[in-house]
Amino acid sequence: MSAAAGRAVRELARAISATLDHALTDPATAARTLTDPAIIERIDAGATELPTEVREAMRPPATAAGAAIVGRLPLADNEFGPTPPSWREAASWSGDPVRRARSFELDLVMLLLARSTGEPFGWQGQQGGRLVNNIVPAAGHEYEQSGASSEVLLSPHTEDAFHPQRAHILMLGCLRNPDLVGTTVSSVRRIELTTEQRALLSTPALPILPDVSYGNGHETYSAAAIPTLWSAAGPDRQTLRYDPAYTPLAEADAEFRAAYEQLAAELERVCVTATLSPGELLLVDNDVAVHGRVPFTARYDGTDRWLKRVNIRLPERQRRAEEADENGYGQQIVAPFRTADTPPVASGTHERDAVRHDRGPLEHA
């Protein structure tokens with residue numbers, strides 16, 4: 001996006017924010033979750049008012065890379081205050097009238113951009129059902145497989161791979177990244193596997209369990225085996241559901257594990273690293289590419305990496321019919337835009353440039 005287009009998005013978000021307080025049923029709660037009908041109505045209307053250049057930039061990636069970097073929104077490092085120590089603290093800022101301008105406006109920016117791509121949604125069991133999530137390192141979570149970790153490699157994975165209603169597109173927006181922490185991206189359409197390996201991985205063999213950010217309770221639900229790979233029209237249309245950190249690989253036979261290990265090696269071989277700067281966005285096709293994060297050491301002094309995350313559904317994209325029977329481990333989505341009167345802005349299917357990257361093995365990634 002040009003500088004003028006980026007300014008237009010921010011100015012529209014600022015105007016929406018200025019007119020909302022009196023329209024919200026509960027300003028504090030609505031600002032945190034962004035699900036109040038008054039907000040949804042204004043985002044729907046606002047997305048149609050954005051410059052054509054913005055809507056074109058936000059169309060889903062359609063190259064073999066499965067991802068694209070979009071830039072840049074005008075942001076100043078001191079504009080939003082210190083990096084919060086947890087997502088809960090960041091969420092409370094959105095509902096605080098004093099601090100709201102620092103965070104709430106950018107949440108509206110993220111929703112406007114996400115609505116230009118498709119239908120933003122959240123999860124009832126993750127970050128309190130918020131449509132815009134905050135990804136920050138949190139003390140005590142350094143070594144877990146979640147967005148709150150830091151010291152450990154966040155393994156490449158499909159976002160919410162355990163659920164049949166997982167996002168089609170994942171959008172990450174960078175507020176702060178002084179240590180140049182990289183987000184890894186690997187496309188299943190760039191890997192090489194034998195016909196036998198593809199056949200094994202296309203067979204339902206193992207379940208994928210919910211990650212730690214969803215807490216406990218999924219143990220009461222049956223864990224159905226699902227295929228790792230799926231293709232209706234050959235390798236050039238390959239998709240995947242992949243989350244090795246939450247897949248019980250020890251329960252599979254040796255032949256399947258060998259094929260899975262080869263898939264992991266291939267995803268590492270084709271991995272690229274996207275190092276986002278403030279104001280840049282990363283769009284990931286969640287059916288085509290897996291993403292992760294390189295390790296880093298958090299300081300917890302208000303200067304650490306801070307991203308915003310939005311899950312996006314593409315109404316025109318259908319998944320396999322077999323997924324409709326999955327229980328999703330009881331996790332429910334928060335999807336206020338599905339019932340909105342204004343349809344989502346049409347997103348094109350033109351080819352996108354591949355994600356800007358540094359090639360090579362992951363090393364510490």
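Given the structure is predicted, the values throughout are model-derived calculations rather than measurements.
Leu200 and Ile226 are not part of a single hydrophobic cluster, where members link through side-chain heavy atoms under 4.5 Å apart. Val152 is not connected to Val290 by any chain of hydrophobic side-chain contacts under 4.5 Å among Ile, Leu, Val, Met, Phe, Trp and Tyr, and they are in different clusters. Trp87 and Val132 fall into different hydrophobic clusters, where Ile, Leu, Val, Met, Phe, Trp and Tyr residues are linked whenever their side-chain heavy atoms come under 4.5 Å apart, directly or through other members. Cluster membership check: Leu175 does not share its hydrophobic cluster with Tyr300, using side-chain heavy-atom separations under 4.5 Å among Ile, Leu, Val, Met, Phe, Trp and Tyr. Under a hydrophobic-cluster definition in which Ile, Leu, Val, Met, Phe, Trp and Tyr are linked whenever side-chain heavy atoms come within less than 4.5 Å, directly or via other members, Leu106 and Leu281 are assigned to the same cluster.
Counting only heavy atoms from C-beta outward, the side chains of Thr297 and Asp179 never approach each other to under 4.5 Å. Residues Ile40 and Pro336 are in side-chain contact: their nearest non-hydrogen atoms beyond the backbone lie under 4.5 Å apart. Between Thr83 and Arg305, every side-chain heavy-atom pair lies at or beyond the 4.5 Å cut-off. Side-chain contact between Leu12 and Leu50: present, with at least one pair of heavy atoms (C-beta onward) separated by less than 4.5 Å. Put simply, the side chain of Val9 reaches to within 4.5 Å of the side chain of Leu73, judged on heavy atoms. Proximity of Phe121 to Val334: side-chain heavy atoms (C-beta onward) are nowhere separated by under 4.5 Å. Residues Ser149 and Glu142 form no side-chain contact, since every pair of their non-hydrogen atoms from C-beta on lies 4.5 Å or further apart. Side-chain contact between Val136 and Asp304: absent, with no pair of heavy atoms (C-beta onward) separated by less than 4.5 Å.
Between Glu326 and Arg241, at least one side-chain nitrogen of the basic residue sits less than 4.0 Å from a carboxylate oxygen of the acidic one, meeting the salt-bridge criterion. Taking a cutoff of 4.0 Å between a charged side-chain nitrogen and a carboxylate oxygen, Arg166 and Glu323 qualify as a salt bridge. Residues Glu105 and Arg10 are paired through a salt bridge, judged by an N-O separation under 4.0 Å between the basic side chain and the carboxylate. Lys308 has a carboxylate O that lies under 4.0 Å from a charged side-chain N of Asp107, or vice versa, which qualifies the two as a salt bridge. Using a 4.0 Å cut-off between a side-chain N of Lys or Arg and a carboxylate O of Asp or Glu, Asp287 and Arg189 do not qualify as a salt bridge. With respect to the salt-bridge test (charged N to carboxylate O, under 4.0 angstrom), the residues Glu11 and Arg14 do not qualify.
Listed for the Arg42 side chain is a donor-acceptor partner under 3.5 Å among the backbone atoms of Ala38. A donor-acceptor pair under 3.5 Å links the side-chain atoms of Arg115 to the main chain of Gly118, judged by distance alone. Checked by atom type and distance alone, the side chain of Ser186 never pairs as donor or acceptor with a backbone atom of Glu268 at under 3.5 Å. Side chain of Asn311 to main chain of Ala167: no donor-acceptor pair is present (N/O by atom type, distance under 3.5 Å, no hydrogens or angles). For Asn286 (side chain) and Glu159 (main-chain N/O), a donor-acceptor pair under 3.5 Å exists by modelled atom type. The backbone N or O of Tyr242 sits less than 3.5 Å from a side-chain atom of Thr158, completing a donor-acceptor pair. With hydrogens and angles ignored, the 3.5 Å screen pairs a side-chain donor or acceptor of Glu53 with a backbone N or O of Ser2. Of the possible polar contacts, none joining the Glu49 side chain to the Gly46 backbone as a donor-acceptor pair under 3.5 Å is found.
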Please step through side-chain hydrogen bond (donor to acceptor under 3.5 Å, both in side chains) for the pair Arg198 and Gln238, ending with a clear verdict.
-> CA-CA 10 Å; Arg198 290 185 186 276; Gln238 191 83 70; 2.7 Å; yes

Could you walk me through whether Thr275 and Asn177 pass the side-chain hydrogen bond (donor to acceptor under 3.5 Å, both in side chains) test, one step at a time?
-> CA-CA 8 Å; Thr275 304; Asn177 191 18; 6.0 Å; no

CA sep, side-chain torsions, deciding dist, call: Val310, Asn133, side-chain contact (heavy atoms from CB on, under 4.5 Å) = CA-CA 6 Å; Val310 182; Asn133 296 162; over 6 Å; no

For side-chain contact (heavy atoms from CB on, under 4.5 Å), just list the numbers for Glu192 and Arg269, CA-CA rounded to whole Å, side-chain angles, deciding distance to a tenth of an Å, and then say yes or no.
-> CA-CA 10 Å; Glu192 297 178 3; Arg269 181 182 67 82; 3.8 Å; yes

Begin with the C-alpha distance, continue with both residues' side-chain angles, and end with the deciding distance and a verdict on side-chain contact (heavy atoms from CB on, under 4.5 Å) for Leu263 and Thr228.
-> CA-CA 10 Å; Leu263 170 62; Thr228 303; 3.6 Å; yes

Test side-chain contact (heavy atoms from CB on, under 4.5 Å) on Val70 and Glu280 and set out the steps.
-> CA-CA 6 Å; Val70 178; Glu280 288 187 322; over 6 Å; no

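Nearest approach of Arg176 to Thr303, heavy atoms of both residues: CD-O, 3.5 Å. Nearest heavy atoms, Pro61 versus Leu283: CG-O, 3.7 Å. Here the closest heavy-atom approach between residue Leu193 and residue Glu266 is recorded as CD2-CG, 4.2 Å. When all heavy atoms are compared, the tightest approach of Ala65 to Val185 is O-CG1, 4.3 Å. Here the shortest heavy-atom pairing between Cys174 and Leu75 reads O-CD1, 3.5 Å. Taking each heavy atom of Gly292 and Thr183 in turn, the nearest pair found is O-CG2, 3.3 Å.
With sequence neighbours excluded, no residue forms a side chain to side chain donor-acceptor pair (under 3.5 Å) with Thr239. Take Thr247 and apply the side chain to side chain donor-acceptor pair (under 3.5 Å) test, not counting sequence neighbours, and it matches no residue. For Asp243, there are no side chain to side chain donor-acceptor pair (under 3.5 Å) partners at least two apart in sequence or on another chain. Taking Thr195 as the reference, nothing meets the side chain to side chain donor-acceptor pair (under 3.5 Å) condition, with sequence neighbours excluded. Remark: His141 pairs with no residue by the ring pair (Phe, Tyr, Trp, His ring centres under 6.0 Å) rule, at least two apart or across chains.
From Phe337, atom CZ reaches atom CZ of Arg313 across 13.0 Å, with rounding to the nearest 0.5 Å. Between the CG atom in Asp160 and the OH atom in Tyr246 there is a gap of 11.0 Å [rounded to 0.5 Å]. Distance check: Ile43 CD1 to Leu34 CG gives 8.0 Å after rounding to the nearest 0.5 Å. In this structure, Glu56 CD and Ser116 OG are separated by 11.5 Å, a value rounded to the nearest 0.5 Å. Between Ser155 atom OG and His291 atom NE2 the span is 11.0 Å, to the nearest 0.5 Å. Trp230 CH2 to Leu201 CG: the interatomic distance, rounded to the nearest 0.5 Å, is 14.0 Å.
The list of ring pair (Phe, Tyr, Trp, His ring centres under 6.0 Å) pairs with a residue in residues 162-198, not counting sequence neighbours, reads Trp123-His163, Phe162-Tyr214.
Residue-environment remark: CD (Glu322) exceeds the threshold of 12 foreign heavy atoms within 6.0 Å.
No side-chain donor from either of Arg319 and Gln165 sits under 3.5 Å from a side-chain acceptor of the other.
Using cut-offs of 30° and 60° on the angle between ring planes, the pair Tyr221 and Tyr329 is perpendicular.
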